[in-house]
S.K.: 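Pasting in a structure now, in structure tokens, and then I'll have a few things to ask.
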2 protein chains.
Amino acid sequence: MNAMTWLTEEQQATWRAFLHATTLLEDHLDRQLQRDAHMPHMYYALLSTLSETPARRMRMTELAEQAKITRSRLSHAVARLEGNGWVRRENCPTDRRGQVCVLTDAGYAELERTAPGHVAAVRTAVFDRLTAEQTRQLGDISRIIADGLHQPDGADVPWLR
Amino acid sequence: MNAMTWLTEEQQATWRAFLHATTLLEDHLDRQLQRDAHMPHMYYALLSTLSETPARRMRMTELAEQAKITRSRLSHAVARLEGNGWVRRENCPTDRRGQVCVLTDAGYAELERTAPGHVAAVRTAVFDRLTAEQTRQLGDISRIIADGLHQPDGADVPWLR
DNA sequence: AGGCCTTTATTGAAGGTTCAAGAAGTGGCT
DNA sequence: AGCCACTTCTTGAACCTTCAATAAAGGCCT
């Protein structure tokens with residue numbers, strides 16, 4: 001129980017609060033999207049990411065990297081979204097191993113339909129409650145944590161396969 | 001696409017960074033615990049919560065509330081942890097509907113064995129990278145978000161069943 | 001060309017979570 | 001006591017994620 005092993009009181013309190021906030025927030029947004037768009041938050045994020053690319057399309061691997069998920073998870077997700085008609089796969093013209101995930105018109109329409117409600121949920125749960133400075137702070141802190149995990153310096157394993 | 005419906009540039013950037021950070025962090029900690037303790041992060045959190053109570057025991061409903069999960073999820077989790085011998089159920093003496101979840105000696109030992117590694121992972125990924133002030137800020141922000149979701153003021157539905 | 005290692009993407013099984021439904025007990029009311 | 005609404009906890013099915021294994025193609029080297 002020495003200082004190397006444990007957290008300070010304040011770190012413990014912060015960690016607990018952080019876990020509570022993220023657990024509740026994830027649940028809340030998953031429920032909101034499941035109710036209004038019949039998909040979990042991550043699937044919505046995939047459609048959203050695709051919608052912001054030039055031709056609403058992206059290579060599978062790049063999409064997985066952007067979304068911070070494994071290729072495997074993405075494969076399953078895209079299979080489901082394809083079943084819904086919101087996305088389709090095309091062969092990559094420059095790499096015959098590759099697949100390009102394309103947002104369909106129906107997928108774009110679904111996004112247009114559900115985006116306002118989702119954004120409102122995010123604002124209500126998060127940004128309406130934070131000051132401009134806290135928003136900036138949360139951005140800074142999030143970038144620090146994400147950067148630290150993206151290329152772990154003492155990288156032991158390829159941690160995202 | 002008006003101001004009521006969308007986020008500012010900075011809010012969008014913050015939201016994206018936040019989602020990246022939490023997705024990567026969850027994955028990272030789940031992997032760390034799966035590797036070292038053969039359980040997901042949430043299960044570890046349940047054992048940890050129990051270990052901090054007076055007699056290492058808690059009513060199911062209270063445990064679910066502390067962990068911010070549904071009773072159903074807790075039931076499944078406790079069934080698994082009970083199978084591992086880390087937890088056991090006892091009948092509640094004052095309410096015959098109730099169950100008390102008790103951390104066993106084996107469960108406590110498992111926690112003692114794996115806690116240092118887990119805490120180290122949390123420190124490396126989070127607190128070692130943040131200033132003392134950022135830690136305070138993250139705590140404040142997390143508490144605001146968690147409070148907002150715990151008792152939604154314009155409560156539409158019982159959002160945690 | 002051939003051989004070998006890497007990269008890309010998918011698959012199926014095992015395990016975790018959600019949702020709706022249900023069994024059982026509590027507490028208040030008449 | 002009987003009734004009714006609510007609380008507690010569990011269950012099984014559907015869905016999502018993880019993990020290890022696999023197929024197929026690229027790229028480098030000789």
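Protein chains get the first letters and strands the later ones, always in sequence-line order, with residue 1 at the start of each.
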S.K.: Nearest whole angstrom, please: distance from the P of D:dC19 to the NE2 of B:His38.
M.R.: 12 Å
S.K.: Provide, to the nearest angstrom, the distance between the NE2 atom belonging to A:His28 and the P atom belonging to C:dT18.
M.R.: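 It is 15 Å, rounded to the nearest whole Å.
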S.K.: From C:dA24, C:dT8, D:dC19, pick the nucleotide closest to the side chain of A:Thr61?
M.R.: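 Of the candidates, C:dT8 comes closest.
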S.K.: Given atom CG of B:Asp30 and atom P of C:dG15, what is their separation to the nearest angstrom?
M.R.: 16 Å
S.K.: A:His76 has an atom NE2; how far is it from atom P of C:dT11, in whole Å?
M.R.: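 Atom-to-atom, A:His76 to C:dT11, this comes out as 8 Å.
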S.K.: For C:dT10, take OP1 and OP2 only and decide whether either is under 4.0 Å from a side-chain N or O of A:Arg89.
M.R.: yes
S.K.: Where the side chain of A:Tyr43 is concerned, which of D:dT17, D:dA24, C:dT26 is the nearest nucleotide?
M.R.: D:dT17
S.K.: Using whole Å, what does the distance between atom P of nucleotide C:dC19 and atom CD1 of B:Ile69 come to?
M.R.: 14 Å
S.K.: Side chain of B:Gln99, heavy atoms from C-beta onward: which of D:dT10, D:dG26, C:dT10 has the nearest atom to it?
M.R.: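 So the nucleotide nearest the side chain must be D:dT10.
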S.K.: Considering just the side-chain nitrogens and oxygens of B:Arg73, establish if one lies under 4.0 Å of OP1 or OP2 belonging to C:dT17.
M.R.: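 B:Arg73 to C:dT17 OP1/OP2: side-chain N or O found under 4.0 Å.
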S.K.: Assign each of A:Arg96 and A:Arg80 to its nearest nucleotide of DNA chain D by heavy atoms, then name whichever residue's nucleotide is nearer the 5' end.
M.R.: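 Looking at DNA chain D, the more 5' nearest nucleotide goes with A:Arg80.
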S.K.: Check the distance between D:dA24's P and A:Met60's CE and give it to me in whole angstrom.
M.R.: 18 Å
S.K.: So which atom in B:Leu74 and which in B:Met60 form the shortest heavy-atom distance, rounded to 0.1 Å?
M.R.: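 Nearest pair, atom of B:Leu74 first, then B:Met60: CD2-O, 3.0 Å.
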S.K.: So does B:Asp147 pair up with A:Arg129, basic N to acidic O under 4.0 Å?
M.R.: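 Looking at B:Asp147 and A:Arg129, the cut-off is not met.
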S.K.: If you count every heavy atom of other residues, nucleotides or ligands that lies below 6.0 Å from A:Glu9 atom CD, does the total exceed 12?
M.R.: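 No - once you tally the heavy atoms of other residues, nucleotides and ligands closer than 6.0 Å, there are 12 at most.
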S.K.: Return whichever of A:Ala79 or B:Met39 has its heavy-atom-nearest nucleotide of DNA chain C closer to the 5' end.
M.R.: A:Ala79
S.K.: Given C:dC19, is OP1 or OP2 found less than 4.0 Å from the side-chain N or O atoms of A:Arg35?
M.R.: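 Answer no for this pair, as no side-chain N or O of A:Arg35 is under 4.0 Å from OP1 or OP2.
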S.K.: On DNA chain C, does the nearest nucleotide to B:Asp95 precede the nearest nucleotide to A:Gly98 from the 5' side, or the other way round? Give the residue.
M.R.: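 Comparing both residues, the 5'-ward one is A:Gly98.
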S.K.: May I ask you to verify if any side-chain N or O of A:Arg71 is less than 4.0 angstrom from the OP1 or OP2 atom of C:dT8?
M.R.: yes
S.K.: Of all the nucleotides listed (D:dC9, C:dT7, C:dC19), which has the minimum atom distance to the side chain of B:Ser75?
M.R.: D:dC9
S.K.: Taking the side chain from B:Thr104 and the backbone from B:Gly85, do they hold a donor-acceptor pair closer than 3.5 Å?
M.R.: yes
S.K.: Among D:dA13, D:dC19, C:dT8, which nucleotide has an atom closest to any side-chain atom of A:Ser72?
M.R.: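 Comparing D:dA13, D:dC19, C:dT8 against the side chain of A:Ser72, the answer is D:dC19.
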S.K.: Measure the distance from CD on A:Glu26 to P on D:dC16 and round it to the nearest whole Å.
M.R.: 15 Å
S.K.: How long is the line joining CZ of B:Arg59 and C1' of C:dT26, in whole Å?
M.R.: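 Between C1' of C:dT26 and CZ of B:Arg59: 11 Å.
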S.K.: A:Gln32 and A:His118: side-chain donor and acceptor closer than 3.5 Å?
M.R.: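 Yes, a side-chain donor-acceptor pair sits under 3.5 Å.
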